Structures are given as structure tokens and as C-alpha cells.
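Keep in mind that this is a model prediction, so the values were computed, not measured. One is the number of the first residue; the rest follow in order along the sequence.
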Amino acid sequence: MMDVTACFLVTSRCTFIGNQDTYETHLETCKFEGLKEFLQQTDDRFHEMQVAMTQKDQEIAFLRSMLGKLSEKIDQLEKNLELKFDVLDENQSKLSEDLMEFRRDASMLNDELSHINARLNMGILGSYDPQQIFKCKGTFVGHQGPVWCLCVYSIGDLLFSGSSDKTIKVWDTCTTYKCQKTLEGHDGIVLALCIQGSKLYSGSADCTIIVWDIPTLMKVNTIRAHDNPVCTLVSSHNMLFSGSLKAIKVWDIVGTDLKLKKELTGLNHWVRALVASQNYLYSGSYQTIKIWDIRTLECVHVLQTSGGSVYSIAVTNHHIVCGTYENLIHVWDIESKEQVRTLTGHVGTVYALAVISTPDQTKVFSASYDRSLRVWSMDNMICTQTLLRHQGSVTALAVSRGRLFSGAVDSTVKVWTC
């Protein structure tokens, strides 16, 4: 029997077939024989790589285990942090209660001092009123754009807010403190709101005024009011006044309709501020406040200002107050029409003013581009408090039942009380 030997290669095959003698001779010339050692080394290297990969898999598994434990620790730290915040909130609430109790005690001491003073017949002294501190009591969230105007309907404790999102939101400020309804109808930014009777009037950048029925919260009429955006609205004597570019239009309110009565002229710029007080209408434009007799619709006085355009006006029992583009607040005596003070402190346009009056004192609130609200005592014309809670320019103010509402570019409305 012939001894047959084949030249064998792992991945390649030699076709030689022969006996032992011829095999040894063949090996000297076989081109496949030289690859044996290379393939063996490759196999050994592949095995080493498999071992290394196994070790890496074990390391990855270990790192994953450590990452899981780290994640658990982070979760625990977050829970501990939340608990600490809860404790901080409780402490803050307790501190607020203590402060209120301190104020009550101070008020009682003040009353007692008044009684002692009366008994000793030491004359009449100005009663001491402990400093009133306004605090943010809540935030209405829901608008999808800056809030530009606010209006309060006191009968139902409703607050209306107009926004760049082209809507008006209706907020319950008495029981639920939630949005009751969103009114849609404008095709532009809602810039102005005003209430007369049971009707809400809204002015917009779409140049229209929409009439809304408050009991049903339904739109009942749309009036093409101006050729330019309707910047401001105010009502008095069953008339509606609307301000726009170099124009104030006077509308008779007839049911759900508005009938144009007259257009007031002689205005030099945008009319961004209108206020009606008693028998007078106050309008603000560029460095000018005009005072109109509502009964005759004639201009009876002009106040010259500085600081650029007038963006806001407020009228108290004793003063006319205006906020300007260049951060200033001017104050005039309402009787003499003489300027008595310029209030400084804001570092941005004074967009809005509001007044809260009591028998003892009058406070004016100012809202500014600088994101702050300021509280001014009109007795001594000083700023008694600066309110900083908004994350954007504060653009609108409204007051009701001693509460202050502020709307801002951060799309929120905040509620402030003492």
C-alpha cells in the first residue's frame, strides 16, 4: 500500500498528493508551506484579542454597575435636596407668619400710643402707619406671548389679560384662581382692554376694537376703528376713547355698537396713554399731556414733559403722574398744573402706572422695562419698595380690592398684596 501524504493548510489547500518520499521533496518547492507559520500567528493573535475583548466586556459591565450606583446616589441627593427645599419653604412661610404677627403687634402698639396721646392731651399727631410691604401672592400662567394689558371686572372678581398671542384670558381672582376662558378673535397683538358696564372692549394691532359680553364671555361686535394699531382704551360718560397714531377717537356706546362721535386732533405722535378722571380725559403722546373736557371734548390744558414719549398716566386726588420712555416719572399738582417733582429710580421705560388710595395715604405703582415694579408714597414722593419677581419687562398694571396685578413680557401675570 502506497503511503500517501497531503500538504495541508488551514485556509488554503495544496493539490499535491504523494508518498512520504515525494512529500519531503515537494515541501522544498510548495508555496503554501510558508504561510503555515503566519496563519498560526494570526490564530494566536485572534485568540489574544478574544481574551482582551472578554476582559473589556467585564470592565464595561463593572462601569455600568458603578454608573447605576452613581445614578441611585444622584436620585437620593435630589430627593434630599427636595426635602431641604420643602423645609426651606416651611421656614419661609413661618418667617412670613412671624412678620405678619410682628406687624399686628406694631399696629396694636400704635393704637395704644394713640390712646395714651389722646388721654394726655398732647395735641394731634400724625398717626404712625407701619411700613406696608407688598408681596407676590401668586402667578397666572397660560399666555404664549408677552402680556401687554390688564383690566379688572370687580363684580365677578375677573381679571382680563391681553397678549402677543392674540388672545384675551379671563382669570378668576376670587375662588379658583384659574383661567376661566380664552377669548379669541383678534388677528394681531392685544394692546388695550377697557370695561364699561357689562361689556369688555379690546384694542389690537389689527386696528380693530372687539366688543365682548362679559356675562357670556362671547364676542358681540367688531369695529374697524383706526388705520393704525389701537394702543389704548378708556371709557367715561357712556363714551369710549381709543388712542392710535396722532389720533384719539370718541365713540358713543350704543348697546353692543360703537358710533363715532368725534376725532380729537392736534396730537403729535402715538397716543399710548389715556386716563379718564371725573370730567377730564388725559392723553399722553410725545413729551406732551393734553387735558380734555369730556363734556365739550375740547382741549383745556397742555402739560409739557421731558424724557421722550409718554407711555403711562395716572391721576390721584391731588396729582397727575406720567411715566416716560426715558425712565422718568413726572408729577404735577392737579389744581395748579405746576410740576412738583420728577421721580427717578427706574432704568427703563415706565410702561404702566396704577394708584391705590385709602383715607390715610395714596400709593402709586410704576412698571418698567427694567423688569421691576416700584411703590411710591405720594405723601413724601419717595420710593418705599421695589418689587422684583418678573423675568421680563413689566408692561401692564391693574388694581382691585387693594390687590395689584402686573403683566410682563415673561408671559405671566403676578398678584401682589400687603
message = As a quick check of understanding, evaluate side chain to side chain contact (heavy atoms under 4.5 Å, CB included) for I382 and W376, giving each step before the final call.
response = CA-CA 6 Å; I382 64 171; W376 306 87; 5.9 Å; no

request  = Would you check if the side chain of S400 reaches a backbone N or O of S154 as a donor-acceptor pair within less than 3.5 Å?
outcome  = no

task = Check whether more than 12 heavy atoms from other residues, nucleotides or ligands sit under 6.0 Å from atom NZ of K181, and answer yes or no.
result = yes

request  = Report yes if the side chains of M381 and V340 come closer than 4.5 Å at any heavy-atom pair, otherwise no.
outcome  = yes

key: For Q196, the option from V234, I253, V211 that meets side-chain contact (heavy atoms from CB on, under 4.5 Å)   = I253

query = Can you tell me if CZ on F140 sees more than 12 non-hydrogen neighbours from other groups inside 6.0 Å?
reply = yes

Donor-acceptor under 3.5 Å (R403 side chain, T173 main chain) = yes

request  = Say whether, by atom type as modelled, one donor and one acceptor occur between the side chain of S393 and the main chain of Y369 under 3.5 angstrom.
outcome  = yes

Over 12 foreign heavy atoms within 6.0 Å of CD, Q50 = yes

query = Just checking, is any N or O donor in the side chain of T305 or H330 under 3.5 Å from an acceptor N or O on the other one?
reply = no

request  = Using a 4.5 Å cut-off on heavy atoms from C-beta on, say whether the side chain of L258 contacts that of I209.
outcome  = yes

inquiry  = Quick check: closest heavy atoms across K337 and W332, and the distance to 0.1 Å?
reply    = O-CD1, 3.5 Å

ask   = Are any non-hydrogen side-chain atoms of L150 and V413 less than 4.5 angstrom apart?
value = yes

key: T222/H186 under side chain to side chain contact (heavy atoms under 4.5 Å, CB included): CA gap, chis, key distance, verdict   = CA-CA 9 Å; T222 301; H186 282 293; over 6 Å; no

request  = Taking the side chain as every heavy atom from C-beta outward, state whether L281 and F241 have any atom pair closer than 4.5 Å.
outcome  = yes

key: Minimum-distance pair of heavy atoms, taken over all atoms of L353 and A314   = CB-CB, 3.8 Å

remark   = On a heavy-atom basis, the closest approach of N327 and T349 is OD1-N, 3.5 Å

Polar side-chain atom of R374 near backbone of G345 as donor-acceptor pair, under 3.5 Å = yes

request  = Can you sort out the partners of R224 under salt bridge (Lys or Arg N to Asp or Glu O under 4.0 Å), two or more places apart, ordered by chain and number?
outcome  = none

task = Find the distance between CH2 (W212) and OG1 (T256) and round it off to the nearest 0.5 Å.
result = 13.5 Å

E335, CD atom: more than 12 neighbouring heavy atoms under 6.0 Å = no

task = Just do the side chain to side chain contact (heavy atoms under 4.5 Å, CB included) check on L328 and T344 with the steps written out, would you?
result = CA-CA 6 Å; L328 301 176; T344 60; 3.8 Å; yes

ask   = Does CD belonging to Q144 count more than 12 external heavy atoms closer than 6.0 Å?
value = no

ask   = Would you call D213 and K199 a salt bridge, taking side-chain N to carboxylate O under 4.0 Å as the test?
value = yes

ask   = Does the side chain of H346 come under 3.5 Å of the side chain of D370 through a donor N or O and an acceptor N or O?
value = yes

For residues 60-85, tabulate all N or O donor-acceptor pairs below 3.5 Å that involve a side-chain atom, not counting sequence neighbours.
{"residue": "Q76", "atom": "NE2", "partner": "N80", "partner atom": "OD1", "Å": "3.3"}
{"residue": "N80", "atom": "ND2", "partner": "Q76", "partner atom": "O", "Å": "3.3"}

message = Is the shortest side-chain heavy-atom distance between L397 and Y351 below 4.5 Å?
response = no

query = How about Y325: does its OH atom have over 12 heavy atoms from other parts shown lying under 6.0 Å from it?
reply = no

remark   = dist Y280:OH -> I294:CD1 (nearest 0.5 Å) comes out at 9.5 Å

inquiry  = Taking the six-membered ring for Trp, are F365 and F134 closer than 6.0 Å centroid to centroid?
reply    = yes

message = Strictly distance-based, threshold 3.5 Å: is any side-chain N or O of T316 a donor or acceptor partner for the main-chain N or O of H319?
response = yes

message = Within a 6.0 Å radius of atom NZ on K135, are there more than 12 heavy atoms belonging to other residues, nucleotides or ligands?
response = yes

request  = Verify whether one side chain among S285 and N268 offers a donor that lies under 3.5 Å from an acceptor in the other.
outcome  = yes

query = Quick one: are V190 and C149 in side-chain contact, heavy atoms under 4.5 Å?
reply = yes

message = Are there over 12 heavy-atom neighbours, none belonging to H269, within less than 6.0 Å of that residue's NE2?
response = yes

query = Do S277 and Y282 come close enough that some side-chain heavy atom pair is under 4.5 Å?
reply = yes

inquiry  = Return the OG1 to NZ distance between T139 and K137, rounded to the nearest 0.5 Å.
reply    = 12.5 Å

query = Are side-chain N/O atoms of H143 and S161 paired as donor and acceptor at under 3.5 Å?
reply = yes

request  = Go through L373 and H390 one step at a time and tell me if the side chain to side chain contact (heavy atoms under 4.5 Å, CB included) criterion holds.
outcome  = CA-CA 9 Å; L373 294 88; H390 280 291; 4.0 Å; yes

ask   = Would D252 and N238 count as having a side-chain donor-acceptor pair, cut-off 3.5 Å?
value = no

remark   = Nearest heavy-atom contact between L274 and G243 is CD1-N, 3.7 Å

request  = Measure the spacing between CE of M218 and CD1 of I214 and express it to the nearest 0.5 Å.
outcome  = 14.5 Å

ask   = How far does NZ of K246 sit from CG of D227, to the nearest 0.5 angstrom?
value = 13.5 Å

request  = Give the C-alpha distance, both sets of side-chain angles, the deciding distance and a yes or no for side chain to side chain donor-acceptor pair (under 3.5 Å) between D257 and N221.
outcome  = CA-CA 7 Å; D257 201 5; N221 201 356; 3.2 Å; yes

key: Residues D157, R401: salt bridge by 4.0 Å N-O rule   = yes

message = Assess, by modelled atom type and distance only, whether the side chains of W416 and S406 contain a donor and an acceptor separated by less than 3.5 Å.
response = yes

ask   = Quick check: does any side chain N or O of S93 sit under 3.5 Å from a backbone N or O of N91, one acting as donor and the other as acceptor?
value = no

key: Side-chain (R371) to main-chain (Q391) donor-acceptor, under 3.5 angstrom   = yes

ask   = Between K178 and D172, is there a side-chain N and carboxylate O pair less than 4.0 Å apart?
value = no

ask   = Taking atom types as modelled and ignoring hydrogens, do the side chains of T358 and D360 form a donor-acceptor contact shorter than 3.5 angstrom?
value = no

ask   = Can you name the nearest heavy-atom pair linking G392 to A408, along with the distance?
value = O-CB, 4.0 Å

ask   = Is there a donor-acceptor contact under 3.5 Å linking the side chains of S163 and W148?
value = no

Euclidean distance, N228 CG relative to C207 SG, rounded to 0.5 Å = 6.0 Å

inquiry  = Against L183, only a single residue in I210, L217, T167 fulfils side-chain contact (heavy atoms from CB on, under 4.5 Å); can you say which?
reply    = L217

message = Whether the W270 and S309 side chains hold a donor-acceptor pair (N or O, under 3.5 Å, no angle test) is what I'd like checked.
response = no

request  = Would you name the heavy atoms of S242 and H226 that are closest together and state the gap between them?
outcome  = OG-NE2, 2.8 Å

query = Do side-chain atoms of Q180 reach the backbone of W171 as a donor and acceptor pair under 3.5 angstrom?
reply = no

query = Would you say the side-chain atoms of T395 pair up with the backbone N or O of G407, donor to acceptor, closer than 3.5 Å?
reply = yes

